[in-house]
Amino acid sequence: MTTPSAPTLWRTCRVLANRTRLQMLRLLYQDPPLSVSAVALRLEQPLPLASQSLRALEARGLLKVRRTGRRVEYRPALGTSGESAPGLGPALRRAFQREPHPIETLYQLATAFTHPRRIEIYRALHPEARTLAQLKVVTRISAHPLLRHLRKLEARGFVVERQGLYTVAQRPDAFGRALARLAGGEPREG
């Protein structure tokens with residue numbers, strides 16, 4: 001049931017499901033470009049940790065890097081070219097600009113899809129609602145882990161359960177919609 005984009009999405013979400021990395025992203029959206037040492041200094045992080053975190057964000061296509069000798073500067077990758085999860089850059093920017101608590105909001109949303117099974121479950125629910133028994137058959141996930149993953153998706157606002165039927169929830173926020181689209185549950189914004 002999984003498609004080639006599923007490994008990309010859950011890996012990108014794992015990188016984003018880190019408050020320190022999200023603080024780095026916010027800093028870079030506010031004041032680009034910044035060197036690794038400037039990011040480390042402003043966030044009071046050890047240089048090796050800052051460097052590792054910035055490289056992880058770059059590897060997922062969320063940051064662009066420019067190297068001049070030993071100096072390494074990062075800036076947000078604002079377009080979709082090169083992103084492992086296209087469309088997240090603009091949604092991240094909007095969240096940093098509009099959300100009252102962007103770090104916590106983005107962290108909570110990203111943790112919805114940090115496991116490939118959650119993406120599989122989410123895709124099984126689009127375009128039709130299903131019972132737990134139907135989801136077990138379609139996904140081949142046993143009851144206990146299936147319920148655990150459904151609870152996480154419900155808690156993050158991506159799935160709703162009504163009278164024993166699970167369905168995809170419509171996301172009001174740009175970042176949530178971008179994640180839902182990448183997970184396979186909503187059409188691309190146009």
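These numbers come from the heavy atoms of this one structure, side chains and all, not from hydrogens, waters or symmetry mates. Since the structure is predicted, the reported quantities are computational estimates derived from the model, not experimental observations.
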Legend entry - Residue list, side-chain contact (heavy atoms from CB on, under 4.5 Å) with Glu99, at least two apart or on another chain: Ala95, Pro102, Thr105, Asp173
Legend entry - Qualifying side-chain hydrogen bond (donor to acceptor under 3.5 Å, both in side chains) pairs, either residue in residues 151-164, two or more places apart: Gln108-Arg156, Thr111-Arg156
Inset, instruction - Give the minimum heavy-atom separation between Leu179 and Leu109, together with the two atoms involved. - result: CD1-O, 3.5 Å
Inset, instruction - Give the minimum heavy-atom separation between Leu62 and Leu25, together with the two atoms involved. - result: O-CD2, 4.4 Å
Inset, instruction - State, to 0.1 Å, how close Ala129 and Gln134 come at their nearest heavy-atom pair, and which atoms those are. - result: O-OE1, 4.2 Å
Legend entry - Steps toward side-chain contact (heavy atoms from CB on, under 4.5 Å) verdict (Thr167, Val159): CA-CA 6 Å; Thr167 188; Val159 169; over 6 Å; no
Please output the side-chain donor-acceptor pairs of residues 36-46 that fall under 3.5 Å, not counting sequence neighbours, one pair per line with the distance.
residue	atom	partner	partner atom	Å
Ser37	OG	Ser35	OG	3.1
Arg42	NH1	Asp31	OD2	2.8
Arg42	NH2	Asp31	OD2	2.9

Legend entry - Transitive ILVMFWY side-chain link Val160 to Tyr122, under 4.5 Å: no
Inset, instruction - Please round to the nearest 0.5 Å and tell me the distance separating atom OH of Tyr74 and atom CZ of Arg66. - result: 13.0 Å
Inset, instruction - First locate atom CG of Leu146, then atom CD1 of Ile121, and finally report the distance between them rounded to the nearest 0.5 Å. - result: 5.0 Å
Inset, instruction - Sort and list the pairs that fulfil ring-ring contact (aromatic ring centres under 6.0 Å, His included) and have at least one residue in residues 21-54, not counting sequence neighbours. - result: Tyr29-Phe96
Legend entry - Arg60 and Thr12: side chain donor to acceptor below 3.5 Å: yes
Legend entry - Shortest non-hydrogen contact between Ala110 and Cys13, atoms and distance: O-CB, 3.3 Å
Inset, instruction - Please list, chain by chain and in numerical order, all residues satisfying side-chain contact (heavy atoms from CB on, under 4.5 Å) with Ala155, sequence neighbours excluded. - result: none
Inset, instruction - For the residue pair Ile119 and Arg123, establish whether any side-chain heavy-atom pair is separated by less than 4.5 Å. - result: yes
Inset, instruction - Scan residues 16-28 for pairs that pass side-chain hydrogen bond (donor to acceptor under 3.5 Å, both in side chains), counting only residues two or more places apart or in two chains. - result: Arg19-Glu104
Legend entry - Arg117 side chain near Ile141 side chain, heavy-atom distance below 4.5 Å: yes
Legend entry - Heavy-atom pair with the smallest gap, counting every atom of Ala77 and Gly61: CB-O, 3.3 Å
Legend entry - Under the side-chain contact (heavy atoms from CB on, under 4.5 Å) test, residues paired with Arg140 that sit two or more places apart: none
Inset, instruction - Specify the closest pair of heavy atoms between Ser53 and Met24, including all atoms of both residues, with the distance to one decimal. - result: CB-SD, 3.5 Å
Legend entry - For Ala91, all residues meeting side-chain contact (heavy atoms from CB on, under 4.5 Å), sequence neighbours excluded: Arg94, Ala174, Phe175, Ala178
Inset, instruction - Apply salt bridge (charged side-chain N to carboxylate O under 4.0 Å, His left out) to Glu128 and Arg130, showing your working. - result: CA-CA 6 Å; Glu128 65 182 278; Arg130 297 181 192 263; 3.8 Å; yes
Legend entry - Partner residues of His149 under the side-chain hydrogen bond (donor to acceptor under 3.5 Å, both in side chains) criterion, sequence neighbours left out: Arg118
Inset, instruction - Can you sort out the partners of Arg148 under side-chain hydrogen bond (donor to acceptor under 3.5 Å, both in side chains), two or more places apart, ordered by chain and number? - result: none
Legend entry - Pairing residues for Phe158 by the ring pair (Phe, Tyr, Trp, His ring centres under 6.0 Å) criterion, not counting sequence neighbours: Phe113
Legend entry - Joint hydrophobic cluster, Leu165 plus Val168, side-chain heavy atoms closer than 4.5 Å: no
Inset, instruction - Indicate yes or no for a side-chain donor-acceptor contact from Ser51 to the backbone of Leu47 under 3.5 Å, with no hydrogens or angles considered. - result: no
Inset, instruction - Quick one: pull up OG1 in Thr8 and CG in Leu182 and give me the separation to the nearest 0.5 Å. - result: 9.5 Å
Legend entry - Arg14 side chain vs Thr114 backbone, donor-acceptor pair below 3.5 Å: yes
Inset, instruction - Apply side-chain contact (heavy atoms from CB on, under 4.5 Å) to the pair Leu57 and Leu16, showing each step before the final yes or no. - result: CA-CA 8 Å; Leu57 291 163; Leu16 288 172; 4.2 Å; yes
Inset, instruction - With rounding to the nearest 0.5 Å, note down the distance linking CG in Leu135 to OH in Tyr166. - result: 8.0 Å
Inset, instruction - Kindly write out the residues that satisfy side-chain hydrogen bond (donor to acceptor under 3.5 Å, both in side chains) with Arg71, not counting sequence neighbours, or none if the list is empty. - result: Glu73
